[in-house]
Amino acid sequence: MAKKIVLWRHGQTDYNLQGRVQGQVDIPLNQTGVAQAAAAAEELVKLKPERIVCSDLGR
């Protein structure tokens, strides 16, 4: 059976709005980003992932 890989980016931060590059600077999600993350969680759970790999940054 073929495996499916899903890539999902973090939600919005104030740096995103300012057009700034974040890199490894751990900028928190803003209110929009928190709402986006909550909506993403609802969609991702439907995929029933076997494994989730993420960075060590808070966002």
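Computed over heavy atoms, backbone and side chain alike; hydrogens, waters and symmetry mates excluded.
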Worksheet item: Applying salt bridge (Lys or Arg N to Asp or Glu O under 4.0 Å), which residue pairs with at least one partner in residues 23-34 are found, sequence neighbours left out?
Response: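 Counting only pairs at least two positions apart or across chains, no salt bridge (Lys or Arg N to Asp or Glu O under 4.0 Å) contact touches residues 23-34.
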Item to complete: Look only at the side chain of Q36 and the backbone of Q12, and say whether a donor-acceptor pair between them is shorter than 3.5 Å.
Response: yes
Worksheet entry | Residues that, via side-chain heavy atoms closer than 4.5 angstrom, fall in one hydrophobic cluster with Y15 | V25, I27
Please tabulate, one pair per line, all N/O donor-acceptor pairs under 3.5 Å involving side-chain atoms of residues 39-54, not counting sequence neighbours.
| residue | atom | partner | partner atom | Å |
| --- | --- | --- | --- | --- |
| E43 | OE2 | K46 | NZ | 3.2 |
| E50 | OE1 | K3 | NZ | 3.3 |

Worksheet entry | Where Q24 and L57 come nearest, the two heavy atoms and their spacing |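 Looking at all heavy atoms of both residues, the shortest contact is O-CD2, 3.8 Å.
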Worksheet item: How many angstroms lie between atom CG of N30 and atom OG1 of T13, to the nearest 0.5 angstrom?
Response: 6.5 Å
Worksheet item: Rounded to the nearest 0.5 Å, what separation is found between the CG atom of D14 and the CZ atom of R20?
Response: 10.0 Å
Worksheet item: For L7 and I5, what are the C-alpha separation, side-chain angles and deciding distance, and is it a side-chain contact (heavy atoms from CB on, under 4.5 Å)?
Response: CA-CA 7 Å; L7 302 176; I5 296 176; 4.2 Å; yes
